[in-house]
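Along the sequence shown, the residues carry numbers beginning at 1. Note that these values count all heavy atoms, side chains included, but never hydrogens, waters or copies made by symmetry.
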Amino acid sequence: MKKKVGIAAGILAVLILVSVGVFVYLNMSINKVLAKGRIMDGVECDGIDLSGMTKDEAEKVIEQYIKKLNQDKMTFYVDDEKAEASIDEFGAGPNAKKTAEEAYNIGRTGSIFTRYSEVKKTYHQVFLYRSFDKALFKKKIKKLTKDFVSEPKNATVKREDGKFVVTKEKTGYVLDVDETFSNFKQALDREETECELAVVKKKPKFTTKDVEKIKDVMGTYTTEYGTSAAGRKANVAAGTKKINGTVIYPGETFSVYKKVSPFTKKNGYELAGSYENGQTVQTYGGGICQVSTTLYNAVIRAELTIKERHPHSMTVAYVPRSADAAIAGTSKDLKIKNDFDFPIYIEGKANGSSVTFTVYGVDEDPNRTVEFVSETTSVKASSEKTVKDPTLKEGERVLEQAGHTGYTAKLWKIVKVNGKQTKKEVFNTSTYMATPSTYRVGTKQEDEDDDDDGTTSGTRRSTSGGRRWTTRRKKTTTEGNRTTAGDEGNTTENKTTQATESDPPEEVPDDSNDNGGNTDSGDGEAEE
């Protein structure tokens with residue numbers, strides 16, 4: 001028994017000696033390869049030979065290498081859309097310290113057998129580590145892809161040289177930033193120069209097929225402004241140009257005010273006449289109401305839905321009563337809704353003499369026509385007020401501000417099929433206020449105007465700043481017109497009833513705009 005124990009102890013002792021010898025051998029082999037404080041031979045990082053470098057030396061080399069590498073472009077793509085920028089713009093920087101640390105630790109970490117195995121290899125590839133700024137990546141990728149990573153765009157149409165030119169619809173994309181960020185890091189790891197954008201696709205609601213339906217004239221209307229002042233003509237042209245080419249898709253509501261505002265010189269408008277507190281004043285955009293009114297008459301003939309419409313505070317001359325539509329900032333707007341199942345296109349033309357709007361879409365029933373008839377339901381005569389003026393000869397009268405007759409009116413809609421009336425209904429009602437004519441009446445005595453030589457001057461001037469019209473008064477009998485306005489034009493019948501108003505002055509200011517008590521502040525919020 002003692003003999004067996006001795007044998008076992010001898011074997012154990014031999015094994016220990018062998019193990020110690022192996023350990024010493026392995027350790028000597030490792031130390032022989034590893035220079036003190038330096039990376040072993042055969043270690044590379046992305047093609048950079050780090051052999052024999054200290055950690056600090058390797059870190060500097062790797063940092064410079066990654067910075068240079070990050071000047072390369074990365075292309076982001078989805079479908080046929082592409083955009084590119086340098087890698088460093090996306091917040092991808094070098095993590096040279098971690099990379100150098102990993103290179104240095106080859107042969108220095110792990111079990112002695114692992115270390116020996118590593119030093120026996122003649123080649124080691126170290127992973128190139130980077131740092132990432134996700135917030136910067138998110139900001140940059142959104143800016144880079146904003147032109148095509150956006151909401152879908154419906155097909156649209158433009159009328160050129162009497163023909164419709166269609167622009168194809170565009171798919172929309174919703175960007176998944178987190179997934180795209182992951183794709184970006186993986187592309188860098190694989191040393192690729194392209195990265196796919198992670199998106200959710202959104203189809204446009206209306207396609208080329210929908211807008212190609214726009215072919216027929218649904219309604220058109222023209223008003224005249226050839227006698228207007230230059231500023232007003234410029235405003236009519238500017239407003240018409242802004243509306244021309246508008247496409248209203250099914251279910252959409254179009255705001256004229258939003259389209260044509262702000263009423264500033266910078267936005268193409270000039271000073272011209274507008275209504276304010278019963279008077280005519282000069283504001284930027286004066287005349288824009290003739291644009292909205294002309295459009296209103298075109299769209300009601302196309303039988304689009306009117307969501308909002310307001311009459312002027314006082315009557316205008318270019319359309320029958322109750323056929324006008326005033327624009328007054330956010331308080332008075334013309335809003336039009338397309339309740340059809342096809343898009344409609346609005347064409348506007350202003351040639352310095354007349355303005356015309358035409359609505360195109362689908363004429364679903366060529367045998368159906370609509371007409372609109374204006375009916376004046378009441379008349380309120382203009383009154384008169386006087387202001388004493390000591391600069392005028394006693395008894396002399398000068399018109400300061402022409403007054404307006406007040407009216408109430410309604411607009412009838414008449415539907416005909418094959419020329420036969422099938423429906424007649426009140427389409428809207430309107431009230432126009434009466435305003436007094438203001439006269440300056442002289443109070444200057446005759447002897448106050450004698451010259452030094454005893455003669456009397458025959459020339460008298462007013463310093464009041466008012467309009468210098470010497471007026472004659474006469475009795476007139478008016479009723480407000482009864483007007484039939486179809487697509488072919490307007491025909492007017494005049495009937496008379498008892499009413500009194502002063503003659504208009506020799507120079508009639510343009511009063512197509514309605515300020516309704518507000519002046520144009522220049523920011524587009526005042527009534528026009």
**Message:** For Pro436 versus Ser382, what's the shortest heavy-atom pair and its separation?
**Reply:** CA-OG, 3.8 Å
**Prompt:** Heavy-atom count around Lys241 NZ within 6.0 Å, excluding the residue itself: above 12?
**Reply:** no
**Residue pair Thr408 / Thr377, side-chain donor-acceptor N/O under 3.5 Å** = yes
**Request:** May I ask you to decide if Ala198's main-chain N or O and Asp176's side chain share a donor-acceptor pair within less than 3.5 Å?
**Result:** no
**Prompt:** Hey, does Thr207 have a side-chain heavy atom less than 4.5 Å from the side chain of Lys209?
**Reply:** yes
**Message:** Take a 6.0 Å sphere around NZ of Lys168 and say whether it holds more than 12 heavy atoms from other residues, nucleotides or ligands.
**Reply:** no
**Message:** Between Glu81 (side chain only) and Val78 (backbone N and O only), is there a donor and an acceptor less than 3.5 Å apart?
**Reply:** no
**Request:** Heavy atoms only: give me the nearest Glu270-Ala234 pair and the separation to one decimal.
**Result:** CG-CB, 3.9 Å
**Prompt:** Can you tell me if Asp88 and Ser86 form a side-chain donor-acceptor pair at under 3.5 Å?
**Reply:** yes
**Message:** Between Thr208 and Glu169, is the side chain to side chain contact (heavy atoms under 4.5 Å, CB included) condition met? List the steps.
**Reply:** CA-CA 6 Å; Thr208 300; Glu169 69 276 7; 2.8 Å; yes
**Prompt:** Parallel, tilted or perpendicular for Phe76 and Phe90, by the 30°/60° rule?
**Reply:** tilted
**NZ (Lys139) with more than 12 external heavy atoms under 6.0 Å** = no
**Message:** Taking NZ in Lys138 as the centre, count heavy atoms belonging to other residues, nucleotides or ligands within less than 6.0 Å. Is the count above 12?
**Reply:** no
**Asked** Less than 4.5 Å apart, any side-chain heavy atom of Thr405 and any of Thr315?
**Response** no
**Prompt:** Taking the side chain as C-beta and beyond, is there a heavy-atom pair between Val166 and Ile214 under 4.5 Å?
**Reply:** no
**Request:** With the side chain counted from C-beta on, respond yes when Thr171 and Asp79 share a heavy-atom pair under 4.5 Å apart, and no when they do not.
**Result:** no
**Request:** Check Glu84 against Leu144 and note the closest heavy-atom contact, atom names and distance.
**Result:** O-CD1, 3.6 Å
**Complete:** Lys82 and Tyr77 have their tightest heavy-atom pair at CG-CB, 3.8 Å
**Prompt:** Is the backbone of His404 close enough, under 3.5 Å, to the side chain of Thr435 for a donor and an acceptor to pair up by distance?
**Reply:** yes
**Heavy-atom donor-acceptor pair, Ser374 side chain to Arg321 backbone, under 3.5 Å** = yes
**Prompt:** Once the angle between the rings of Tyr296 and Phe427 is folded into 0 to 90°, is it parallel (under 30°), tilted (30 to 60°) or perpendicular (over 60°)?
**Reply:** tilted
**Asked** What's the shortest heavy-atom distance between Ala85 and Lys140, and which atoms?
**Response** CB-CE, 3.9 Å
**Message:** Consider side-chain contact (heavy atoms from CB on, under 4.5 Å). Of Glu303, Lys424, Lys423, Arg301, which one does Lys413 pass it with?
**Reply:** Glu303
**Request:** Step through it carefully: locate the ring centre of Tyr269, locate the ring centre of Tyr284, and say whether they are under 6.0 Å apart.
**Result:** no
**Request:** Please report the C-alpha distance between Val299 and Ile344 in whole Å, then the side-chain angles of each, then the deciding distance to 0.1 Å, and finally whether the side chain to side chain contact (heavy atoms under 4.5 Å, CB included) criterion is met.
**Result:** CA-CA 10 Å; Val299 298; Ile344 68 104; 5.9 Å; no
**Request:** Look only at the side chain of Asn244 and the backbone of Lys349, and say whether a donor-acceptor pair between them is shorter than 3.5 Å.
**Result:** no
**Asked** Less than 4.5 Å apart, any side-chain heavy atom of Lys143 and any of Glu89?
**Response** no
**Asked** If we only count heavy atoms from C-beta on, is the Tyr318 to Val355 side-chain gap below 4.5 Å?
**Response** no
**Message:** Under the criterion side chain to side chain contact (heavy atoms under 4.5 Å, CB included), I'd like the reasoning laid out for Ile141 against Leu175: C-alpha separation, chi angles, the key distance, then a yes or no.
**Reply:** CA-CA 9 Å; Ile141 197 68; Leu175 182 65; 4.0 Å; yes
**Item:** Check: Tyr221 ring centre within less than 6.0 Å of Phe372 ring centre
**Value:** no
**Request:** Answer yes or no: is there a donor N or O on one side and an acceptor on the other, between the side chain of Asn351 and the main chain of Ser353, under 3.5 Å?
**Result:** yes
**Item:** Any Val256 side-chain heavy atom under 4.5 Å of Asp333 side chain
**Value:** yes
**Request:** Answer yes or no: is there a donor N or O on one side and an acceptor on the other, between the side chain of Tyr225 and the main chain of Val236, under 3.5 Å?
**Result:** no
**Closest contact, heavy atoms only, Ser228 versus Lys233** = O-CE, 3.4 Å
**Asked** Stepwise, does the side chain to side chain contact (heavy atoms under 4.5 Å, CB included) test hold for Thr156 with Val211?
**Response** CA-CA 6 Å; Thr156 189; Val211 298; 5.6 Å; no
**Item:** Any donor-acceptor N/O pair, Asn338 side chain to Phe340 backbone, under 3.5 Å
**Value:** yes
**Request:** Determine yes or no for a side-chain-to-main-chain donor-acceptor pair under 3.5 angstrom, with Asp216 supplying the side chain and Met218 the backbone.
**Result:** no
**Lys332 (side chain) donor-acceptor with Glu308 (main chain) under 3.5 angstrom** = no
**Fill in**
The residue among Thr222, Thr246, Val291, Thr293 that forms side-chain contact (heavy atoms from CB on, under 4.5 Å) with Phe357 is Val291
